[in-house]
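See below for the structure under consideration.
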Amino acid sequence: MTTPQKDKLSKDEILALRSKHFIPTALHYHKKPLELTKAKGEYVWDEEGKKYLDSIGGIVCISAGHNHPKVKAALMEMLENDDIQHSSTLYLNEAPVKLAKKLSEHLPKNLTRWHFTNSGSEANEAAFMAARQATGETMVVNLRHSYHGGTSATLANCGHYTWRFRSQPVTSVTSAMEPYCYRCPFNKTPDSCGFECAKNVETTIQTSTHGKIAAFIAEPVMGVGGFISPPKEYFQIVAKIVHQYGGKYISDEVQTGSGRCGGSLFLSSELDIAADMITTAKGMGNGAAIGGVVMTDEIAASLAGKSFFNTFGSDPYPTTQARITIEVIEEEKLIENARVVGEYLKDGLKQLMKSQKLIGDVRGRGLLLGIELVRDRTTKEYATEETARLMDLCRDKGLLVGKGGLKGNVLRIAPPLTLKKEQADFMLKVIDESLSEIAK
Ligand code: PMP
């Protein structure tokens, strides 16, 4: 820790200063908020030295593991050498181009052109702008229950009332029905639904646009929405519709685009999504503030002649951290590990359903797993308070997990991709014990 101990603020002081100086949207997990001060691998420590298995990674950002030695060494070497911290794309530097080259090894051949940002929101903003420029259209189709960021255009495309503000202008966007199998908006079941939700994208275009669109945006697993994980066919039907109506398909891989789902670095490749743009952030930087959008040559060409700039977006430190993170993911075969340990964990969670009646659904891919809690499996009444209680109980037992879903009733599990089976066993034990306590 760099703060000298004598200057260390107490937890109460931190909270008081947050209340005084932060806007009130700065919420915290847990009734008794947790202060985290140290992190290594899959673990984090609080200010009293208590150790936790970190199964949420801040907010789905830790892929290679906290403070990975190779990432740390690269950054320390840069600091030791007085490597330039900020130069912007107005000067040449090798770090961002090396990152673009590394990422392209994991992308379909048609996605070639990168624009790096500091966040996922900015990556999606850039994607909307590029789609609108390339098509000459303005309408963007999003999905209910989606989340794409906290900036103006991204918030306008957000499918959650809790995240939207009264003043949020919702211009030139429209929403299609959510592909949420557990709570199908068409009251169908996956075996015989005929992909009504995918077809609804066409109905939405036909009924709330002039018949041409700029873009469709969707997360391949809906993160904030509660790890809603539609089947592969959904995306293929939708991509065809989007292209038929002249739109660009934006695959928002801010949460999924770091190998987390266990098949490829970008889930769009594994699901064969014919994306025209992919956006990413979070786990890409393993904790660094970096995001980016990659697009086709054709879309990039439509931007030529304009100025578009992001002051910090291609700076050497975050772009190096992202490149080394991907190298670690490759060298340590972390995508495969996410698949193997993720399947093991998912099986274990499904087993828990036999005895733990609060679990309504277990879903997700790789190490991006959601547990939807319901008070009654027939009525599917949201178990919102129980989910908050479960998080608190897990924390008391040394396990950090997140939550999401429109009603905050989905426990979210997104640990570092280095997670081991023994750690998955620990998770299962803690969740099982905590659910039993709640059931009492
Ligand atoms: N897209 C998705 C799918 C996200 O989950 C998030 C963040 N939760 C964003 C975009 C926005 O990313 P950021 O907070 O880095 O702007």
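Whatever order the structure lists them in is the order used to number ligands and atoms, beginning at 1. This chain uses plain numbering: 1 for the first residue, then up along the sequence.
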Residues in contact with ligand 1, criterion: heavy atom under 4.0 Å = S119, G120, S121, N124, Y147, H148, G149, E219, D252, V254, Q255, K282
Do T256 and E253 have side-chain N/O donor and acceptor atoms under 3.5 Å apart?
-> yes
Just by distance, with hydrogens left out, do E372 and Y180 show a side-chain donor and acceptor under 3.5 Å apart?
-> yes
Do we see a donor-acceptor contact under 3.5 Å between the side chains of Y147 and E219?
-> no
Strictly under 6.0 Å, is that where the ring centroids of F312 and H86 end up?
-> yes
Between S208 and T174, is any side-chain donor less than 3.5 angstrom from a side-chain acceptor?
-> yes
Side-chain donor-acceptor contact under 3.5 Å, N142 with H148 | no
